[in-house]
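Encoded as structure tokens, the structure appears first; notes follow it.
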Amino acid sequence: MRIDILTLFPDMVRQALGESIIGRGQEFGLLQIEAHNIRDYTLDKHRRTDDYPYGGGMGMVMQCDPLYQCWQAVCGGEKVHTILMSPQGAPFCQAKARELLGRGRFLLVCGHYEGVDQRFIDECVDEEISLGDFVLTGGEIAAMAITDAVCRMVPGVLADETSFTEESHFSGVLEYPQYTRPEVWHGRPVPPVLLSGHHKNIQAWRRLQSLLRTRERRPDLFSQLTLSPEDEKLLAQFDGAQ
């Protein structure tokens with residue numbers, strides 16, 4: 001998996017993605033994550049990448065040519081799927097992470113200031129993605145979040161595939177609650193089923209908890225689920241006991 005990130009702050013990106021699991025994935029040769037400094041591709045002696053917007057308005061706008069020169073150098077004549085981090089983009093989700101994983105390589109552009117010259121977007125960007133309905137000072141945090149979400153699914157990056165296949169959103173439901181030692185903490189005991197050693201019952205309990213959490217916290221996700229007969233039975237038994 002290769003991900004190229006076009007940014008004004010490459011050290012910020014390299015430092016964050018060089019740590020922990022994603023950092024080890026790069027050390028083992030499973031991941032290639034490259035942060036490219038857009039300022040290296042400007043012809044301005046002050047390495048300027050922004051200017052005032054035509055038509056007036058507050059703030060500055062990223063110029064198209066430094067972005068284009070950087071993008072062109074990184075792509076090397078290849079067609080690389082290009083994503084702009086933008087609050088106007090489609091919200092990022094686990095399904096999109098799996099889609100990007102299947103590409104094998106893609107490029108993330110970190111916007112800054114009041115936006116990016118539309119001409120660069122029209123010529124080079126394939127899609128725009130947002131982390132949600134809020135605005136950040138730049139696209140770096142969003143780019144790092146997407147990179148992390150995709151890279152952790154690359155085979156070998158996590159020791160066990162179930163580390164992510166049972167997590168929230170991977171299968172359309174939220175993850176069940178987790179417990180560890182001590183058995184009782186502040187008067188709060190671990191659910192007895194988790195201490196039973198009965199794996200089938202534990203699995204059923206965890207599935208029920210995932211369904212209940214999703215139904216309560218994310219009814220929008222729950223309404224999209226296709227419940228199996230086993231799921232319907234678990235929920236019916238729970239609702240009938242209330």
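Atoms considered below: every heavy atom in the structure, side chains included; atoms not considered: hydrogens, waters and symmetry mates.
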As an exercise, state the distance from [atom1] of [X] to [atom2] of [Y], rounded to the nearest 0.5 Å.
X    : Y    : atom1 : atom2 : value
I121 : S86  : CD1   : OG    : 6.5 Å
D148 : M153 : CG    : CE    : 10.0 Å
H81  : C75  : NE2   : SG    : 11.5 Å

Step-by-step side-chain hydrogen bond (donor to acceptor under 3.5 Å, both in side chains) determination, Q118 to D122: CA-CA 6 Å; Q118 185 64 39; D122 293 341; 2.8 Å; yes

Between [Y] and [X], is there a side-chain heavy-atom distance shorter than 4.5 Å?
X    : Y    : answer
V125 : I83  : no
L174 : R217 : yes
M85  : I5   : no
L101 : R103 : no
L108 : D4   : no

Residues E27, R24: salt bridge by 4.0 Å N-O rule: no

SB check E19 R14 (cutoff 4.0 Å): no

H112-F9 aromatic ring centre distance below 6.0 Å: yes

In residues 180-203, what donor-acceptor pairs under 3.5 Å come from side-chain atoms, sequence neighbours left out?
{"residue": "S196", "atom": "OG", "partner": "V193", "partner atom": "O", "Å": "2.7"}
{"residue": "S196", "atom": "OG", "partner": "H198", "partner atom": "N", "Å": "3.1"}
{"residue": "H198", "atom": "ND1", "partner": "N201", "partner atom": "N", "Å": "3.2"}

Can you list, pair by pair, the side-chain donor-acceptor contacts under 3.5 Å of residues 235-242, counting residues two or more places apart and other chains?
{"residue": "D239", "atom": "OD1", "partner": "R215", "partner atom": "NH2", "Å": "3.0"}
{"residue": "D239", "atom": "OD2", "partner": "R215", "partner atom": "NH1", "Å": "3.2"}
{"residue": "Q242", "atom": "NE2", "partner": "F238", "partner atom": "O", "Å": "3.3"}

Q224 side chain to D220 side chain, donor-acceptor N/O pair below 3.5 angstrom: no

When the side chains of residues 46-59 are checked against the rest of the protein, which donor-acceptor pairs come out under 3.5 Å, sequence neighbours left out?
{"residue": "R47", "atom": "NH2", "partner": "D40", "partner atom": "OD1", "Å": "2.4"}
{"residue": "R48", "atom": "NE", "partner": "D50", "partner atom": "O", "Å": "2.8"}

Other residues, nucleotides, ligands: >12 heavy atoms within 6.0 Å of Q32 CD: yes

Evaluation steps, salt bridge (charged side-chain N to carboxylate O under 4.0 Å, His left out), between E78 and R105: CA-CA 11 Å; E78 297 181 22; R105 182 186 180 187; 3.5 Å; yes

